[in-house]
Protein chains: 2
Amino acid sequence: MSSARDDFIDILKNNQQSVTKARLSVFEALLGQEPLDMHTLVARVPKTDRASVYRAVELFERLDIVQRLHTGWKYKLELTDKFTAHHHHLTCINCGRTIPMNEAELERVIEDLAKAHHFRPTAHQIELQGYCHRCSAVS
Amino acid sequence: MSSARDDFIDILKNNQQSVTKARLSVFEALLGQEPLDMHTLVARVPKTDRASVYRAVELFERLDIVQRLHTGWKYKLELTDKFTAHHHHLTCINCGRTIPMNEAELERVIEDLAKAHHFRPTAHQIELQGYCHRCSAVS
DNA sequence: TTAGGTGCAAAGGCTTTGCACCCAA
DNA sequence: TTGGGTGCAAAGCCTTTGCACCTAA
């Protein structure tokens, strides 16, 4: 039984990277959260310098710990499938809410499509934009 | 029988926007091209100022003439479905080939999913990365 | 004619970098 | 102990903005 934090530490060690306070702080700020934008992430680790947050995120992306999620004009950061179940998002273009979705059917269709194109998929992104339940009622 | 250029002009006029040389240049730079990043787009309209290209792109996005396509870290710009058939891409991470795909089943699943989440979708992106037929055989 | 659009230059905002100091291993 | 990591400040980039001039309608 290993915690996400332990898994994280293992990944760093397996890649000859130091386990530092700054990196742990950034990782924990991302744990169990909605996807965060850089601004918010930086605010959540007040004891860590902005530059170190950027450096940690860059490292995490290389080690496949974190992924960028493009929502319209900006991007948000979230832990990869290693730490959270594989999923995609519905992003509300009115209130900015990000709604996760995890649908087996979608995954199956993706697989079938790739196969039909003789394509061996290693990753995919599926993002929907529109109006969430609440904003749809209003607008 | 109307050309893409005529459709473009109609959209501008219908929205009380002037048909200017700069806007036509930017539009034509995007016509029939692969998705372009800002840097490339600016380079393709040498007689138009950088700022005007940004302003044109911003306007085009509002009028649903252009959409941003996020490819990894950056974004590219391409004309919307009004000017090119709706499609998604398979991108080979080995040779870089971009294979367009247009699959009704995928669209249907997307619609169903959104509905299940009480979400009113206005747009979506689906991108797969992996190995194309040729590169899959080699690697 | 004139309101909107453009070019230029300068400002903004986010991200990266250089460097001396610090700390994980 | 010591090489990688961090904090700080400054530089870089991409993008946006202010303003005077230009041009489409």
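In what follows, every chain begins at residue 1, and chains take the letters A, B, ... in the order their sequences are listed.
Residue contacts for B:R50: at a heavy-atom cut-off of 4.0 Å it reaches a base atom on one of the strands shown. When heavy atoms are screened at a 4.0 angstrom cut-off, B:A22 is found touching the sugar-phosphate backbone but no base atom. Residue A:K13 is classed as having no contact, given no heavy-atom separation below 4.0 Å to the nucleic acid.
Look at B:Y54 and you won't find any side-chain N or O under 4.0 angstrom from OP1 or OP2 of C:dG12. Side-chain N/O atoms of B:Q17 include none lying less than 4.0 angstrom from OP1 or OP2 on C:dG4. Between A:R23 and D:dG5, a side-chain N or O to OP1/OP2 separation shorter than 4.0 Å is present. Applying the 4.0 Å criterion to OP1 and OP2 of C:dT6, one finds that B:T20 has a side-chain N or O inside that range.
Across B:V66, B:V42, B:L59, B:L41, a single residue satisfies side-chain contact (heavy atoms from CB on, under 4.5 Å) together with B:V26, and that is B:L41.
Taking CG of A:L79 as the reference point, atom CD1 of A:I65 lies at 8.5 Å (rounded to 0.5 Å).
Remark: B:D81 pairs with no residue by the salt bridge (charged side-chain N to carboxylate O under 4.0 Å, His left out) rule, at least two apart or across chains.
Taking atom CD of residue B:E58 and atom P of nucleotide D:dT17, one finds them 8 Å apart after rounding to whole Å.
When each of B:H39 and B:V19 is assigned the nucleotide of DNA chain D with its nearest heavy atom, B:H39 is the one assigned upstream, toward the 5' end.
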